[in-house]
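Beneath this line is the structure, given in structure tokens, with notes to follow.
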Amino acid sequence: MKNNQQQPEFLFDKINYKILLIGIGVIALGFILMSGGGSDDPNVFSEEIFNFRRIRLAPTTVLIGFGITIYAILKNPKKA
């Protein structure tokens with residue numbers, strides 16, 4: 001009786017997982033950049049929440065991260 005065990009085949013190649021992790025890291029960086037800017041006193045308004053980092057840079061970073069993860073999912077590892 002032969003033991004015909006098949007090796008489990010992953011959905012993606014190693015490079016796809018690396019690109020996916022980079023994309024997730026970029027998304028996390030975007031959310032870290034977005035945090036903060038609030039006021040310690042709820043009666044005092046802080047204009048710091050509307051600075052360039054939180055309004056332009058962080059959302060752009062998150063969108064770039066999503067683009068990287070979509071690329072990692074759609075990349076065909078079989079093509080050379």
Side-chain angles (χ1 to χ4, degrees):
M1 194 155 97
K2 283 188 174 180
N3 190 2
N4 290 338
Q5 281 186 327
Q6 289 183 339
Q7 290 286 3
E9 193 171 320
F10 289 109
L11 186 59
F12 299 127
D13 257 1
K14 194 174 183 178
I15 187 70
N16 292 78
Y17 288 112
K18 286 180 183 179
I19 297 171
L20 189 67
L21 286 176
I22 290 169
I24 291 171
V26 171
I27 292 170
L29 175 67
F31 279 108
I32 290 169
L33 288 172
M34 217 179 292
S35 67
S39 177
D40 293 334
D41 184 9
N43 296 322
V44 178
F45 181 74
S46 175
E47 284 288 328
E48 191 65 24
I49 198 166
F50 295 117
N51 67 3
F52 172 78
R53 188 183 91 193
R54 291 182 184 88
I55 295 295
R56 298 276 188 250
L57 182 65
T60 304
T61 307
V62 170
L63 289 176
I64 289 170
F66 280 127
I68 292 171
T69 56
I70 290 169
Y71 173 75
I73 292 169
L74 295 179
K75 181 179 178 344
N76 190 352
K78 307 299 183 236
K79 290 183 181 176

Worksheet item: What distance separates Asp13 CG from Asn76 CG, expressed to the nearest 0.5 Å?
Response: 9.0 Å
Worksheet item: What closest approach, in Å, do Gly30 and Ala58 show between heavy atoms, and which atom pair accounts for it?
Response: O-CB, 3.4 Å
Worksheet, complete the sentence: Tightest non-hydrogen contact, residues Met34 and Pro59, listed as CE-N, 4.2 Å
Discussion item. According to side-chain hydrogen bond (donor to acceptor under 3.5 Å, both in side chains), who are the partners of Arg54, at least two apart in sequence or on a separate chain?
Written reply: Asn51
Practice prompt. May I ask you to list the residues sharing a hydrophobic cluster with Val44, side-chain cutoff 4.5 Å, ordered by chain and number?
Written response: none
Practice prompt. Please list, chain by chain and in numerical order, all residues satisfying side-chain contact (heavy atoms from CB on, under 4.5 Å) with Ser46, sequence neighbours excluded.
Written response: Ser39, Glu48
Discussion item. Taking side-chain contact (heavy atoms from CB on, under 4.5 Å) as the definition, give me every residue that meets it alongside Ile73, ordered by chain and number, with sequence neighbours left out.
Written reply: Phe12, Leu20
Worksheet entry | Spatial distance of atom OG1 (Thr69) from atom CD1 (Ile22) [nearest 0.5 Å] | 12.0 Å
Discussion item. Give me the atom names and distance for the closest heavy-atom approach of Asn16 to Ala72.
Written reply: ND2-O, 2.8 Å
Discussion item. Counting only heavy atoms not in Tyr17 (residues, nucleotides, ligands), do more than 12 fall under 6.0 Å from its OH?
Written reply: yes
Worksheet item: Does Phe31 have any ring-ring contact (aromatic ring centres under 6.0 Å, His included) partners at least two apart in sequence or in another chain, and if so, which?
Response: none
Worksheet item: Taking only residues two or more places apart in sequence, or in another chain, which ones meet Leu57 in a side-chain contact (heavy atoms from CB on, under 4.5 Å)?
Response: Leu33, Phe52, Arg53, Thr61
Worksheet item: So, for Val26 and Ile68, which heavy atoms are closest and what is the spacing to 0.1 Å?
Response: CG2-CD1, 4.2 Å
